[in-house]
Amino acid sequence: FLRFLQAQAKKGRTEAEWKALVVASAEALATHGQMEEAVPLFIAGQRWEPAIRLIGTQAQALLALGRWQTVQQWIESLPEPIRNATPWLRFWLGMCRLRVDPAKARLDLEPAFALFQQGDDALGQAFAATAINEAHMVEWVDYRRLDPWIAALEAILNRRDVALPSLNTELAVRASLFTAIVLRQTYREDIPLLARQLTDLLREDLDPNYKLLAARGIFVYGAYSGDFMLTDEVVRYTESAFYAPGASALNRAWYAARLGFALRYVRGSREKARAWFLKAREIVREHGLRFVEAPIAIYWAWAEEVFGEIGDIERELGIAKAHLNPASRFEAAFHQMGMTF
């Protein structure tokens, strides 16, 4: 019906008159707070500047609601030269793609970081480096690639002219940095202090996705350090975030898998660990996150090695083999290990 009305309104008008009407409609919608309705009209009217401005103000809220496809569609509707030259557009496009394809996301996030560098936008650099870290971590191919981004992010945070605008932003940045450190630089003596600082942030009522990201890193730390009391504390602060509207499927899947793995050495936690692994697998299959199938199966098999169930180990290694990513150093190594069972 909307298309019918638009076709009727277009009759008898020149192209210039039609564009003027579309833009006037977009401006009226924006004035009355209907930003989401205004964006496609600004794009249709080829008014790029207001379209870019509104995308920038709406992107984070829409992604928090799980509506990344709307943001992606808007950005991809803009001319490619404008899209490629605008750092925040490339950043938000990368954030949309991070939900489903981390390797493809980096193709936008890394150029976004370079554009932010050119403009000396420290906050933009912090956001982009955080997202690039996240892409490498969920891609699960080669954690050596984290080193330059850990260094870049720490350098940005040490700048006196950089102030993170909110607790949500601080949690997002510090969660990504901490997880990258515990996955790649386990020798660092400041990790226990960083873990405590991050855990204290989780007491606050903050974005569920950032809470899940932070918890995932602390679960990794708890698993190799044996600090199971810290793991329990973090679960108390974050389990509600796992079920919160807007929590992304990818974040929920990794949270569940990392928690299941962290529970493997806790006495009497076998069934609880398996329940979390099962939740992770259900999320992955419901949302088509095939690239996470093998990592979750490998972690599950590793946990079952502690539980002593050879049949379950073989089942999980079979699933991992069926979804093997040849580019992943981790998956290749665990595949070879699995051949020895």
Side-chain angles (χ1 to χ4, degrees), residues 60 63-64 91 94-95 98-99 102 105-106 109 113 123-140 143 145-147 149-158 162-186 188 190-225 227 230-242 244 246-259 261-262 280 292:
Q60 186 168 2
L63 262 66
F91 170 76
M95 290 298 291
L98 183 57
R99 303 275 177 124
R106 289 191 291 104
L109 293 169
F113 182 87
L123 187 60
Q125 291 175 62
F127 284 166
T130 293
I132 293 165
N133 266 342
E134 183 61 25
H136 281 302
M137 289 186 285
V138 299
E139 191 180 0
W140 216 57
Y143 285 160
R145 299 174 184 175
L146 290 170
D147 287 338
W149 299 108
I150 292 172
L153 198 48
E154 290 190 306
I156 294 164
L157 291 175
N158 287 331
V162 175
L164 300 178
S166 68
L167 275 181
N168 267 320
T169 301
E170 182 175 353
L171 180 60
V173 172
R174 296 196 181 280
S176 176
L177 177 60
F178 176 79
T179 306
I181 289 171
V182 297
L183 289 173
R184 177 60 185 160
Q185 300 176 357
T186 54
R188 289 179 49 157
D190 60 343
I191 290 179
L193 175 61
L194 296 174
R196 184 68 259 169
Q197 292 172 341
L198 193 56
T199 300
D200 289 342
L201 266 178
L202 293 176
R203 298 171 183 266
E204 305 292 334
D205 182 18
L206 298 173
D207 185 285
N209 280 298
Y210 301 153
K211 283 196 162 190
L212 295 178
L213 292 175
R216 182 197 59 192
I218 298 172
F219 294 157
V220 173
Y221 168 68
Y224 78 69
S225 69
D227 192 344
L230 182 64
T231 297
D232 287 343
E233 182 181 357
V234 170
V235 170
R236 289 199 304 272
Y237 299 150
T238 60
E239 189 170 2
S240 61
F242 180 84
S248 81
L250 185 58
N251 289 340
R252 295 175 69 238
W254 270 112
Y255 176 97
R258 291 292 194 185
L259 178 53
F261 185 69
V292 193

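Looking at D207, its side chain never comes within 3.5 Å of a backbone N or O of N168 through a donor-acceptor pair. Not one N or O on the side chain of K211 forms a donor-acceptor pair closer than 3.5 Å with the backbone of L171. In this structure, R258 contributes its side chain and A215 its backbone to no donor-acceptor pair below 3.5 Å. Remark: side-chain polar atoms of N209 are paired, donor with acceptor, to backbone N or O of G246 under 3.5 angstrom. Remark: side-chain polar atoms of R252 are paired, donor with acceptor, to backbone N or O of F242 under 3.5 angstrom. Of the possible polar contacts, one joining the S248 side chain to the N251 backbone as a donor-acceptor pair under 3.5 Å is found. A donor-acceptor pair under 3.5 Å is absent between the side-chain atoms of S176 and the main chain of A172, judged by distance alone.
Residues L63 and R99 approach most closely at O-NH2, 2.9 Å, considering heavy atoms. A pairwise comparison of heavy atoms in I150 and N133 identifies N-OD1, 4.1 Å as the closest pair. Here the closest non-hydrogen pair linking P102 and A135 is CB-O, 3.5 Å. The minimum heavy-atom distance linking A195 with I218 is given by the pair O-CD1, 4.2 Å. Across all non-hydrogen atoms, the minimal contact from A241 to A247 is O-CB, 3.5 Å. Contact record, L123 with P165: CD1-CD, 3.8 Å, taken as the closest heavy-atom pair.
Using cut-offs of 30° and 60° on the angle between ring planes, the pair F127 and F91 is parallel.
A distance of 4.5 Å separates CD1 in I156 from CZ in F113, rounded to the nearest 0.5 Å. A distance of 4.5 Å separates CG of L213 from CD of E134, quoted to the nearest 0.5 Å. With values rounded to the nearest 0.5 angstrom, E139 atom CD is found 12.0 Å from I132 atom CD1. Distance check: F219 CZ to D227 CG gives 12.0 Å after rounding to the nearest 0.5 Å. Distance check: F261 CZ to Y224 OH gives 12.5 Å after rounding to the nearest 0.5 Å. Between atom OG1 of residue T130 and atom OH of residue Y210 there is a gap of 9.5 Å, rounded to the nearest 0.5 Å.
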For this session: Walk me through it: do I191 and V182 pass the test side-chain contact (heavy atoms from CB on, under 4.5 Å)?
Result: CA-CA 7 Å; I191 290 179; V182 297; 3.8 Å; yes
For this session: Test side chain to side chain donor-acceptor pair (under 3.5 Å) on Y237 and R203 and set out the steps.
Result: CA-CA 6 Å; Y237 299 150; R203 298 171 183 266; 3.1 Å; yes
For this session: Report the C-alpha separation of Y255 and E239 in whole Å, then their side-chain angles, then the decisive distance to 0.1 Å, and conclude whether the side-chain contact (heavy atoms from CB on, under 4.5 Å) test is met.
Result: CA-CA 9 Å; Y255 176 97; E239 189 170 2; 4.2 Å; yes
For this session: Kindly indicate, with the supporting measurements, whether the criterion side-chain contact (heavy atoms from CB on, under 4.5 Å) is fulfilled by V138 and R216.
Result: CA-CA 11 Å; V138 299; R216 182 197 59 192; 3.9 Å; yes
For this session: Check step by step if side-chain contact (heavy atoms from CB on, under 4.5 Å) holds for I181 and E154.
Result: CA-CA 11 Å; I181 289 171; E154 290 190 306; 4.0 Å; yes
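Using a 4.5 Å heavy-atom cutoff, the side chains of R106 and R145 are in contact. Counting heavy atoms from C-beta on, the side chains of W140 and V292 never come closer than 4.5 Å.
Taking the salt bridge (charged side-chain N to carboxylate O under 4.0 Å, His left out) definition, one finds that D205 meets it with nothing, sequence neighbours left out.
Ion pairing of D200 with R196 is present here, as a side-chain N (NZ or NE/NH1/NH2) and a carboxylate O approach within less than 4.0 Å.
Heavy atoms of other residues, nucleotides or ligands lying less than 6.0 angstrom from CD of Q197 number more than 12.
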